[in-house]
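Structure first, commentary second.
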Amino acid sequence: MYDITTFGEILIDFTSQDINEDGQMLYARNPGGAPANVAVAASRLGAHTAFIGKAGKDMHGKFLKSVLEKENVDTKGMLLDENYFTTLAFVEVSETGERTFSFARKPGADTKIQKEEVDVDVLDHTHIFHVGSLSLTDQPARDTTFYSVKRAKNKGSVISYDPNYRASLWPDEETAKKHMRSLVPYVDLMKISDEETELLTGHKDVREAAEALYSQGVKVVAVTLGGEGAYLYSKDGGCVVPGFVVEQIADTNGAGDSFWGGFLYKVSTAEKHLDELTQEDLKEFARFGNAVASLCVEKKGAIPAMPELAQVERRIAE
């Protein structure tokens, strides 16, 4: 059994680094893609993880596969397709650590995964199955996402969803809303940023948004609040779990994914069924996730910045 299997995009984040002496922007090649980030975050903490998805059979795709293998993420379900190029994201990071994205994905290999290509041996043997929303932007990946989620749910997996909104990948906001919301009824655990609440629920207020998602069947909703921590909502109601003080933010890329990787790791190691988890349990999981994220933002890049269990435990103890 895998503790956590993630499905969706794996790509290169070309992250702005510096200006050279000729005034040109320099970019660093970082492995990225939210589902891949979550798999690595959980793996570094000790979870047995797998990734299902597709990249191009090119220098970038081979590099990404080698990164996952080095991070002990099972890549049996990761395909390299010679007909399509690996998706690239150019990420500009401001002085405050905020990001803007420009994607080269017309089409990217990740959007071309077909349901017949999904490794069901991995899919059918996972405790938690996690997906994002970038695999919903195009066909055939959209149908493949639904096929995989429904199959995993029928096999008893806990379904996790992070609707990672990237405006430039959708034709318009209405289309994004329709497709991103369509997955919610299948979901048990959902992580959403405070910037995405209105898009997913029509409510700007995080409490109202979390309640709206819970009323659609999501058992645990976590709304990330940046440096403020996270707002949790479950059968026991809602609460804020404060974040950790960070001295210096190097890069917020992967912060939400590291939080969620930490949270899912704690769910996967809990001795209880999801329905039995109390608010105290969930607060502990969110605090752990906050600690993971606080360490991640202190370093550049997403995957390279993911901390190990001992570092997280030290931060919590401090």
Give the minimum heavy-atom separation between L277 and L282, together with the two atoms involved.
CD1-CD2, 4.0 Å
Side chain to side chain donor-acceptor pair (under 3.5 Å) between T111 and R105, intermediate numbers included:
CA-CA 9 Å; T111 67; R105 193 193 193 210; 5.5 Å; no
Can you see whether F14 has R29 sitting over its ring - NZ or CZ less than 6.0 Å from the centre and within 45° of the normal?
no
Minimum-distance pair of heavy atoms, taken over all atoms of L80 and G56
CD2-O, 3.6 Å
Verify the cluster assignment for F51 and V158: are they in a single hydrophobic cluster under the rule of side-chain heavy atoms below 4.5 Å apart?
no
Ignoring hydrogens and angles, tell me if any N or O in the side chain of K300 forms a donor-acceptor pair with the backbone of A305 under 3.5 Å.
no
Do T144 side-chain atoms and I113 backbone N/O form a donor-acceptor pair below 3.5 Å?
yes
Nearest 0.5 Å, please: how far is CG in D13 from CG in L11?
5.5 Å
Are the side chains of L136 and F146 in contact, using a 4.5 Å heavy-atom criterion?
yes
Spacing of I316 atom CD1 and R287 atom CZ [to the nearest 0.5 Å]
6.5 Å
What's the spacing between E173 CD and K178 NZ if we round to 0.5 Å?
15.0 Å
Given 3.5 Å as the limit, does a donor-acceptor pair link the side chain of E117 with the main chain of Q114, or not?
yes
Are Y161 and L123 linked, directly or through other ILVMFWY residues, by side chains that come within less than 4.5 angstrom of each other?
yes
Consider side-chain contact (heavy atoms from CB on, under 4.5 Å). Of L169, D110, D162, which one does L134 pass it with?
L169
Test log, rule salt bridge (charged side-chain N to carboxylate O under 4.0 Å, His left out), inputs D124 and R151
CA-CA 8 Å; D124 293 354; R151 181 167 178 138; 2.7 Å; yes
Side chain to side chain contact (heavy atoms under 4.5 Å, CB included) evaluation trace for D138 with R142:
CA-CA 6 Å; D138 297 271; R142 184 187 304 140; 5.6 Å; no
Do the ring centers of F101 and F90 come within less than 6.0 Å of each other?
no
Show your working on side chain to side chain donor-acceptor pair (under 3.5 Å) between D58 and T86 and close with a plain yes or no.
CA-CA 7 Å; D58 49 42; T86 301; 2.8 Å; yes
Indicate yes or no: at least one non-hydrogen side-chain atom of L64 is less than 4.5 angstrom from one of M78.
yes
Is there side-chain contact between Y2 and H127, with at least one heavy-atom pair below 4.5 Å?
no
same_hphob_cluster(W260, I159) at 4.5 Å side-chain heavy-atom cutoff:
no
Quick one: hydrophobic cluster around V245, which other residues, with the 4.5 Å side-chain cut-off, linked directly or via members?
none
Plane angle bin for F129 and F7 - parallel if under 30°, tilted between 30 and 60°, otherwise perpendicular:
tilted
Least distance between heavy atoms, A109 atom then T87 atom
N-OG1, 4.2 Å
Any side-chain donor paired with an acceptor under 3.5 Å for E69 and T75?
yes
Donor-acceptor under 3.5 Å (N290 side chain, P242 main chain)
yes
May I ask you to test the K115-P140 pair for a side-chain heavy-atom distance under 4.5 Å?
no
Heavy-atom count around K153 NZ within 6.0 Å, excluding the residue itself: above 12?
yes
Could you give the distance from CZ (R181) to OG1 (T201), rounded to the nearest 0.5 Å?
6.5 Å
Does atom CD (E276) have a neighbourhood of more than 12 heavy atoms from anything else shown, all under 6.0 Å?
yes
State whether the side chain of H203 and the backbone N or O of T197 hold a donor-acceptor pair below 3.5 Å, judged by distance alone.
no
Closest approach of G261 to L45 (non-hydrogen atoms, all atoms of both residues):
O-CD1, 4.2 Å
Side chain to side chain contact (heavy atoms under 4.5 Å, CB included) between L26 and I19, intermediate numbers included
CA-CA 6 Å; L26 301 175; I19 306 285; over 6 Å; no
Test your reading of the model: is there a side-chain donor-acceptor pair from K191 to the backbone of V223, 3.5 Å cut-off?
no
For I128, does its backbone N or O pair with a side-chain atom of T126 as donor and acceptor, under 3.5 Å?
yes
Is it true that the side chains of T15 and N30 contain a donor and an acceptor less than 3.5 Å apart?
yes
Note: K76-D121 ion pair, threshold 4.0 Å (strictly below)
yes
Is the shortest heavy-atom distance from the side chain of T49 to the side chain of D3 under 4.5 Å?
no
Within the 3.5 Å criterion, strictly below it, is a donor on N37 or D257 matched to an acceptor on the partner's side chain?
yes
More than 12 heavy atoms of other residues, nucleotides or ligands under 6.0 Å from NZ of K235: yes or no?
yes
For the student: nearest non-hydrogen atoms of A39 and T6, plus distance
CB-OG1, 3.6 Å
Is there a side chain to side chain contact (heavy atoms under 4.5 Å, CB included) between E284 and V241? Walk through the geometry before answering.
CA-CA 9 Å; E284 184 207 321; V241 182; over 6 Å; no
Hphob cluster co-occupancy, V246 + V312, side-chain heavy atoms under 4.5 angstrom:
no
Kindly say whether N164 contributes a backbone atom to a donor-acceptor pair with the side chain of S133 at under 3.5 angstrom?
yes
After noting the C-alpha distance and the side-chain angles of V220 and D188, does the key distance pass the side chain to side chain contact (heavy atoms under 4.5 Å, CB included) rule?
CA-CA 7 Å; V220 180; D188 301 301; over 6 Å; no
For F285 and F263, take the angle between the two ring planes, folded into 0 to 90°, and tell me which bin it lands in: parallel under 30, tilted 30 to 60, perpendicular over 60.
perpendicular
Treating S258 as the side-chain partner and G254 as the backbone partner, does any N or O pair qualify as donor plus acceptor under 3.5 Å?
yes
Is any side-chain heavy atom of T5 closer than 4.5 Å to one of I52?
yes
Cluster check L295, F259: I/L/V/M/F/W/Y, side chain < 4.5 angstrom
no
Show your working on salt bridge (charged side-chain N to carboxylate O under 4.0 Å, His left out) between D281 and K272 and close with a plain yes or no.
CA-CA 10 Å; D281 294 327; K272 299 176 180 177; 2.7 Å; yes
Can S160 and H130 be said to form a side chain to side chain donor-acceptor pair (under 3.5 Å), step by step?
CA-CA 4 Å; S160 160; H130 171 75; 2.7 Å; yes
Looking only at heavy atoms, the pair that brings T145 and S135 closest together is OG1-OG, 2.9 Å
Does a salt bridge link K57 with D81, judged by any charged N lying under 4.0 Å from a carboxylate O?
no
Please report the interatomic distance OH(Y265) to CZ(F288), rounded to the nearest 0.5 Å.
5.5 Å
Euclidean distance, E298 CD relative to Q311 CD, rounded to 0.5 Å:
9.5 Å
If only atom types and distance count, is the side chain of S182 paired as donor or acceptor with the main-chain N or O of H179 below 3.5 Å?
yes
